[in-house]
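Report on one structure; see the data block that follows.
For ligands, and for the atoms within them, numbers begin at 1 and follow the listed sequence.
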Amino acid sequence: MSSRSLPHGPLYSALKTAVDAHRAAHPSLPGAVPRKALVIVAWFVASWVALVFLSQTWWQAGLAAVSLGLSMAGIGFNVQHDGGHRAASTSQPVNALMALGLDLLGGSSYVWHWKHNVHHHTNPNLVGHDADIDIEPLVRLSPTQAWRPWHRAQHLYAWALYALLAVKWHFVDDFVNVATGRISGCPFPRPRGKDLAGFVIGKLGFATWAFGVPLLFHPPLTVLAGYLVASVVLSLTLAITFQAAHCVAEAEFPDPNAPSVEWAEHQLRTSVDFGGSSAFVRWFVGGLDHQTVHHLFPRVPHVELAGLAKVVREVCRAQGVAYRELPGFFAAVASHGRHLAALGREPVRAPLSTAPAPA
Ligand SMILES: [Zn+2]
(Lines give C-alpha, C1' and ligand atoms only; values in the text may rest on other atoms or scores of the structure.)
Protein backbone atom coordinates (compact mmCIF):
# COMPACT_ATOMS: atom_id res chain seq x y z
CA MET A 1 0.00 0.00 0.00
CA SER A 2 1.41 3.42 -0.90
CA SER A 3 1.52 6.34 1.51
CA ARG A 4 -1.64 8.48 1.63
CA SER A 5 -1.26 12.29 1.76
CA LEU A 6 -3.97 14.25 3.54
CA PRO A 7 -4.54 17.88 2.49
CA HIS A 8 -3.78 20.94 4.61
CA GLY A 9 -6.77 23.15 5.44
CA PRO A 10 -7.93 26.09 7.59
CA LEU A 11 -7.20 24.32 10.90
CA TYR A 12 -3.53 23.87 10.00
CA SER A 13 -3.31 27.47 8.76
CA ALA A 14 -4.68 28.77 12.10
CA LEU A 15 -2.32 26.53 14.10
CA LYS A 16 0.72 27.48 12.03
CA THR A 17 0.01 31.21 12.27
CA ALA A 18 -0.28 31.03 16.08
CA VAL A 19 2.74 28.74 16.50
CA ASP A 20 4.97 30.85 14.20
CA ALA A 21 4.02 34.00 16.15
CA HIS A 22 4.80 32.33 19.50
CA ARG A 23 8.15 30.99 18.26
CA ALA A 24 9.14 34.41 16.93
CA ALA A 25 8.36 35.97 20.32
CA HIS A 26 9.90 33.13 22.40
CA PRO A 27 12.84 31.62 20.47
CA SER A 28 14.56 28.64 22.10
CA LEU A 29 18.21 28.89 23.08
CA PRO A 30 20.37 28.11 20.01
CA GLY A 31 22.15 24.78 20.42
CA ALA A 32 19.97 23.64 23.35
CA VAL A 33 19.21 20.21 21.85
CA PRO A 34 22.79 19.41 20.68
CA ARG A 35 24.12 20.37 24.14
CA LYS A 36 21.57 18.07 25.79
CA ALA A 37 22.57 15.37 23.30
CA LEU A 38 26.18 15.59 24.49
CA VAL A 39 25.07 15.03 28.11
CA ILE A 40 23.04 11.95 27.14
CA VAL A 41 25.79 10.48 24.95
CA ALA A 42 28.22 10.98 27.89
CA TRP A 43 25.72 9.06 30.11
CA PHE A 44 25.71 6.27 27.49
CA VAL A 45 29.53 6.08 27.28
CA ALA A 46 29.92 6.13 31.10
CA SER A 47 27.34 3.31 31.44
CA TRP A 48 29.12 1.20 28.79
CA VAL A 49 32.54 1.72 30.41
CA ALA A 50 31.07 0.83 33.81
CA LEU A 51 29.45 -2.33 32.41
CA VAL A 52 32.40 -3.61 30.36
CA PHE A 53 35.42 -2.46 32.39
CA LEU A 54 34.49 -1.45 35.95
CA SER A 55 31.80 -3.83 37.23
CA GLN A 56 33.14 -6.40 39.67
CA THR A 57 29.94 -8.15 40.78
CA TRP A 58 26.68 -9.26 39.13
CA TRP A 59 24.66 -6.49 40.79
CA GLN A 60 27.10 -3.79 39.70
CA ALA A 61 26.91 -5.15 36.14
CA GLY A 62 23.10 -5.27 36.42
CA LEU A 63 22.88 -1.62 37.47
CA ALA A 64 25.28 -0.59 34.70
CA ALA A 65 23.23 -2.55 32.12
CA VAL A 66 19.99 -0.89 33.28
CA SER A 67 21.70 2.52 33.09
CA LEU A 68 23.00 1.64 29.60
CA GLY A 69 19.49 0.69 28.42
CA LEU A 70 17.99 3.91 29.81
CA SER A 71 20.76 6.02 28.24
CA MET A 72 20.09 4.31 24.88
CA ALA A 73 16.40 5.21 25.18
CA GLY A 74 17.53 8.75 26.05
CA ILE A 75 19.52 8.85 22.80
CA GLY A 76 16.41 7.65 20.94
CA PHE A 77 14.15 10.32 22.44
CA ASN A 78 16.56 13.29 22.54
CA VAL A 79 19.28 12.76 19.94
CA GLN A 80 18.25 10.66 16.94
CA HIS A 81 14.55 11.62 16.99
CA ASP A 82 15.23 15.39 16.80
CA GLY A 83 18.12 14.82 14.38
CA GLY A 84 16.04 12.51 12.17
CA HIS A 85 13.29 15.14 11.99
CA ARG A 86 15.94 17.83 11.25
CA ALA A 87 14.62 19.62 14.34
CA ALA A 88 17.69 19.60 16.56
CA SER A 89 19.61 22.44 14.94
CA THR A 90 19.57 24.97 12.12
CA SER A 91 22.77 23.22 10.93
CA GLN A 92 21.87 20.26 8.68
CA PRO A 93 25.23 18.48 9.27
CA VAL A 94 24.49 18.58 13.04
CA ASN A 95 21.01 17.12 12.40
CA ALA A 96 22.48 14.43 10.14
CA LEU A 97 25.08 13.50 12.79
CA MET A 98 22.44 13.30 15.52
CA ALA A 99 20.18 11.17 13.27
CA LEU A 100 23.01 8.61 13.17
CA GLY A 101 22.39 8.12 16.91
CA LEU A 102 19.95 5.40 15.87
CA ASP A 103 22.70 3.46 14.09
CA LEU A 104 24.68 3.70 17.34
CA LEU A 105 21.72 2.00 19.05
CA GLY A 106 21.75 -0.80 16.46
CA GLY A 107 18.80 0.43 14.38
CA SER A 108 18.99 1.79 10.83
CA SER A 109 18.45 5.56 10.54
CA TYR A 110 17.73 5.02 6.83
CA VAL A 111 14.86 2.56 7.46
CA TRP A 112 13.62 4.72 10.37
CA HIS A 113 13.33 7.75 8.10
CA TRP A 114 10.79 5.91 5.95
CA LYS A 115 9.07 4.03 8.79
CA HIS A 116 8.73 6.99 11.18
CA ASN A 117 9.11 10.29 9.28
CA VAL A 118 7.17 9.23 6.21
CA HIS A 119 4.77 6.38 7.03
CA HIS A 120 4.01 6.99 10.73
CA HIS A 121 3.96 10.80 10.72
CA THR A 122 1.89 11.03 7.52
CA ASN A 123 -0.81 8.60 8.67
CA PRO A 124 -0.59 7.81 12.41
CA ASN A 125 -2.86 5.00 13.64
CA LEU A 126 -3.97 4.13 10.10
CA VAL A 127 -3.81 0.39 9.40
CA GLY A 128 -1.78 -0.42 6.29
CA HIS A 129 0.25 2.79 6.58
CA ASP A 130 1.55 3.10 10.17
CA ALA A 131 3.94 0.25 11.02
CA ASP A 132 3.91 1.29 14.69
CA ILE A 133 0.46 -0.29 15.12
CA ASP A 134 1.35 -3.47 13.22
CA ILE A 135 2.02 -6.26 15.71
CA GLU A 136 -0.47 -8.53 13.96
CA PRO A 137 -1.54 -11.22 14.50
CA LEU A 138 -0.12 -11.27 18.04
CA VAL A 139 -1.58 -7.96 19.25
CA ARG A 140 -4.65 -6.04 18.03
CA LEU A 141 -4.04 -2.29 18.41
CA SER A 142 -6.75 -0.91 16.07
CA PRO A 143 -10.44 -1.83 15.86
CA THR A 144 -9.98 -2.13 12.09
CA GLN A 145 -7.56 -5.08 12.60
CA ALA A 146 -8.87 -8.66 12.69
CA TRP A 147 -9.75 -10.09 16.09
CA ARG A 148 -8.30 -13.48 17.13
CA PRO A 149 -9.21 -15.51 20.24
CA TRP A 150 -5.78 -15.00 21.90
CA HIS A 151 -6.32 -11.24 21.91
CA ARG A 152 -8.52 -11.81 25.01
CA ALA A 153 -5.23 -12.01 26.98
CA GLN A 154 -3.27 -9.35 25.07
CA HIS A 155 -3.48 -6.82 27.93
CA LEU A 156 -1.43 -9.36 29.94
CA TYR A 157 1.15 -10.57 27.40
CA ALA A 158 1.70 -7.52 25.15
CA TRP A 159 4.20 -6.05 27.64
CA ALA A 160 6.44 -9.12 27.28
CA LEU A 161 6.44 -8.64 23.50
CA TYR A 162 7.35 -4.97 23.92
CA ALA A 163 10.42 -6.12 25.89
CA LEU A 164 11.69 -7.85 22.72
CA LEU A 165 11.35 -4.79 20.47
CA ALA A 166 15.09 -3.99 20.29
CA VAL A 167 16.15 -7.62 19.80
CA LYS A 168 13.70 -7.89 16.88
CA TRP A 169 14.98 -4.58 15.49
CA HIS A 170 18.64 -5.58 15.79
CA PHE A 171 18.37 -9.02 14.24
CA VAL A 172 15.18 -9.17 12.13
CA ASP A 173 13.20 -6.08 11.12
CA ASP A 174 15.83 -3.85 9.47
CA PHE A 175 17.24 -6.76 7.46
CA VAL A 176 13.80 -8.00 6.35
CA ASN A 177 12.72 -4.43 5.46
CA VAL A 178 15.85 -3.82 3.36
CA ALA A 179 15.67 -7.25 1.70
CA THR A 180 11.99 -6.89 0.75
CA GLY A 181 11.78 -3.12 0.17
CA ARG A 182 8.67 -3.03 2.37
CA ILE A 183 7.82 -1.86 5.90
CA SER A 184 4.60 -3.51 7.15
CA GLY A 185 3.44 -3.84 3.56
CA CYS A 186 4.31 -0.23 2.56
CA PRO A 187 6.95 0.02 -0.17
CA PHE A 188 10.04 2.17 0.32
CA PRO A 189 13.21 2.63 -1.76
CA ARG A 190 15.80 0.05 -0.72
CA PRO A 191 19.12 1.68 0.29
CA ARG A 192 21.77 1.94 -2.41
CA GLY A 193 25.23 3.50 -2.64
CA LYS A 194 26.11 5.58 0.42
CA ASP A 195 22.79 4.73 2.12
CA LEU A 196 23.55 1.01 1.85
CA ALA A 197 27.14 1.62 3.05
CA GLY A 198 25.74 3.60 6.03
CA PHE A 199 23.37 0.72 6.83
CA VAL A 200 26.21 -1.84 6.83
CA ILE A 201 28.68 0.38 8.74
CA GLY A 202 25.99 1.17 11.34
CA LYS A 203 25.23 -2.51 11.94
CA LEU A 204 28.96 -3.40 12.15
CA GLY A 205 29.62 -0.47 14.52
CA PHE A 206 26.81 -1.62 16.82
CA ALA A 207 28.05 -5.24 16.74
CA THR A 208 31.54 -4.01 17.67
CA TRP A 209 30.61 -2.06 20.83
CA ALA A 210 27.75 -4.33 21.92
CA PHE A 211 29.43 -7.71 21.35
CA GLY A 212 32.95 -7.48 19.83
CA VAL A 213 34.77 -5.43 22.49
CA PRO A 214 32.92 -6.97 25.50
CA LEU A 215 33.80 -10.49 24.21
CA LEU A 216 37.52 -9.61 24.47
CA PHE A 217 37.10 -9.24 28.26
CA HIS A 218 34.15 -11.45 29.29
CA PRO A 219 32.72 -14.92 28.52
CA PRO A 220 29.95 -15.10 25.88
CA LEU A 221 27.11 -15.79 28.34
CA THR A 222 28.05 -12.75 30.44
CA VAL A 223 28.06 -10.54 27.33
CA LEU A 224 24.71 -11.99 26.26
CA ALA A 225 23.21 -11.32 29.70
CA GLY A 226 24.41 -7.68 29.66
CA TYR A 227 22.98 -7.21 26.14
CA LEU A 228 19.63 -8.71 27.10
CA VAL A 229 19.21 -6.58 30.25
CA ALA A 230 20.11 -3.35 28.41
CA SER A 231 17.94 -4.20 25.39
CA VAL A 232 14.90 -5.13 27.51
CA VAL A 233 15.17 -1.81 29.40
CA LEU A 234 15.59 0.05 26.10
CA SER A 235 12.66 -1.78 24.48
CA LEU A 236 10.18 -1.31 27.32
CA THR A 237 11.05 2.38 27.67
CA LEU A 238 10.67 3.14 23.95
CA ALA A 239 7.61 0.95 23.33
CA ILE A 240 5.60 2.09 26.34
CA THR A 241 6.36 5.79 25.73
CA PHE A 242 5.19 5.60 22.12
CA GLN A 243 2.15 3.41 22.92
CA ALA A 244 1.17 5.90 25.65
CA ALA A 245 1.02 8.68 23.04
CA HIS A 246 -0.99 6.97 20.28
CA CYS A 247 -2.44 3.62 21.40
CA VAL A 248 -4.66 4.74 24.25
CA ALA A 249 -8.41 4.73 24.80
CA GLU A 250 -8.53 8.50 24.09
CA ALA A 251 -6.97 8.21 20.59
CA GLU A 252 -8.82 7.40 17.37
CA PHE A 253 -7.95 4.71 14.84
CA PRO A 254 -9.48 5.98 11.59
CA ASP A 255 -11.06 3.52 9.20
CA PRO A 256 -8.92 3.56 6.02
CA ASN A 257 -12.14 3.45 3.98
CA ALA A 258 -13.84 6.37 5.80
CA PRO A 259 -13.81 9.87 4.27
CA SER A 260 -10.54 11.59 5.21
CA VAL A 261 -10.21 14.83 7.18
CA GLU A 262 -7.59 17.55 6.84
CA TRP A 263 -4.07 16.56 7.86
CA ALA A 264 -3.94 18.53 11.14
CA GLU A 265 -7.25 17.10 12.33
CA HIS A 266 -6.02 13.55 11.68
CA GLN A 267 -2.92 14.30 13.80
CA LEU A 268 -5.09 15.73 16.61
CA ARG A 269 -7.43 12.72 16.58
CA THR A 270 -4.61 10.17 16.76
CA SER A 271 -2.13 11.73 19.26
CA VAL A 272 -2.59 12.15 23.00
CA ASP A 273 -0.41 14.21 25.38
CA PHE A 274 0.54 13.13 28.88
CA GLY A 275 2.00 16.52 29.71
CA GLY A 276 1.29 16.50 33.44
CA SER A 277 4.38 14.34 33.95
CA SER A 278 7.32 15.29 36.15
CA ALA A 279 10.10 17.56 34.90
CA PHE A 280 12.41 14.51 34.81
CA VAL A 281 9.99 12.50 32.59
CA ARG A 282 9.71 15.49 30.23
CA TRP A 283 13.51 15.89 30.09
CA PHE A 284 14.06 12.15 29.58
CA VAL A 285 11.40 11.52 26.90
CA GLY A 286 12.55 14.51 24.86
CA GLY A 287 9.30 16.47 25.17
CA LEU A 288 7.28 13.57 23.74
CA ASP A 289 4.82 13.94 26.60
CA HIS A 290 3.52 16.62 24.18
CA GLN A 291 3.30 14.22 21.27
CA THR A 292 0.42 16.14 19.68
CA VAL A 293 2.53 19.28 19.15
CA HIS A 294 5.39 17.14 17.83
CA HIS A 295 3.04 15.55 15.28
CA LEU A 296 1.68 18.91 14.14
CA PHE A 297 5.14 20.54 13.97
CA PRO A 298 7.77 17.79 13.69
CA ARG A 299 10.53 20.25 12.66
CA VAL A 300 10.32 22.12 16.01
CA PRO A 301 13.08 21.32 18.57
CA HIS A 302 11.65 19.19 21.38
CA VAL A 303 12.59 21.74 24.06
CA GLU A 304 9.84 24.04 22.66
CA LEU A 305 6.99 21.51 22.64
CA ALA A 306 5.66 22.09 26.18
CA GLY A 307 5.47 25.87 25.63
CA LEU A 308 3.72 25.44 22.29
CA ALA A 309 1.12 23.06 23.76
CA LYS A 310 -0.64 26.04 25.37
CA VAL A 311 -0.79 27.82 22.00
CA VAL A 312 -2.09 24.73 20.16
CA ARG A 313 -4.66 24.04 22.89
CA GLU A 314 -6.00 27.62 22.55
CA VAL A 315 -6.35 27.38 18.76
CA CYS A 316 -8.10 24.01 19.08
CA ARG A 317 -10.56 25.46 21.59
CA ALA A 318 -11.31 28.39 19.25
CA GLN A 319 -11.75 26.04 16.28
CA GLY A 320 -13.94 23.57 18.22
CA VAL A 321 -11.49 20.68 17.77
CA ALA A 322 -10.59 18.34 20.66
CA TYR A 323 -7.01 18.49 22.03
CA ARG A 324 -6.52 15.11 23.70
CA GLU A 325 -4.60 14.96 26.99
CA LEU A 326 -4.05 12.59 29.91
CA PRO A 327 -2.85 13.86 33.29
CA GLY A 328 0.56 12.13 33.28
CA PHE A 329 2.72 9.22 32.12
CA PHE A 330 1.18 6.60 34.42
CA ALA A 331 -2.36 7.66 33.46
CA ALA A 332 -1.33 7.16 29.81
CA VAL A 333 0.16 3.71 30.52
CA ALA A 334 -3.04 2.72 32.36
CA SER A 335 -5.08 3.95 29.38
CA HIS A 336 -2.94 1.82 27.04
CA GLY A 337 -3.75 -1.20 29.25
CA ARG A 338 -7.48 -0.41 29.00
CA HIS A 339 -7.15 0.00 25.22
CA LEU A 340 -5.49 -3.44 24.92
CA ALA A 341 -8.21 -5.03 27.08
CA ALA A 342 -11.04 -3.36 25.11
CA LEU A 343 -9.66 -4.46 21.74
CA GLY A 344 -9.01 -7.95 23.14
CA ARG A 345 -12.73 -8.52 23.64
CA GLU A 346 -14.48 -10.25 20.76
CA PRO A 347 -16.20 -7.59 18.60
CA VAL A 348 -19.99 -7.70 18.69
CA ARG A 349 -21.20 -8.52 15.21
CA ALA A 350 -24.38 -7.03 13.74
CA PRO A 351 -27.18 -9.65 13.93
CA LEU A 352 -28.19 -11.27 10.67
CA SER A 353 -31.52 -10.02 9.41
CA THR A 354 -34.45 -12.34 10.25
CA ALA A 355 -36.91 -10.53 7.99
CA PRO A 356 -38.61 -12.88 5.46
CA ALA A 357 -37.23 -12.70 1.97
CA PRO A 358 -39.43 -10.76 -0.41
CA ALA A 359 -41.81 -12.97 -2.41
ZN1 LIG B 1 8.53 11.81 15.35
Could you give the side-chain donor-acceptor pairs of residues 188-206 under 3.5 Å, partners two or more places apart or in another chain?
unit_1, atom_1, unit_2, atom_2, d
Arg190, NE, Val178, O, 2.8
Lys203, NZ, Gly106, O, 2.7
Lys203, NZ, Asp174, OD2, 2.8

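- With a 6.0 Å radius and a threshold of 12 heavy atoms from other residues, nucleotides or ligands, Arg86 has its CZ atom at or below the threshold.
- Partners of Arg317 under the salt bridge (charged side-chain N to carboxylate O under 4.0 Å, His left out) rule, at least two apart in sequence or in another chain, are Glu314.
- Contact annotation: His116 places an N, O or S atom under 2.8 Å from the Zn ion (ligand 1).
- Rounding to the nearest 10°, we obtain 90° for the angle at the Zn ion (ligand 1) between His81 NE2 and His294 NE2.
- Arg148 has no carboxylate O lying under 4.0 Å from a charged side-chain N of Glu136, or vice versa, which leaves the two without a salt bridge.
- The distance from the Zn ion (ligand 1) to the nearest N/O/S atom of His295 is not under 2.8 Å.
- Atom NE2 is the N/O/S atom of His121 found closest to the Zn ion (ligand 1).
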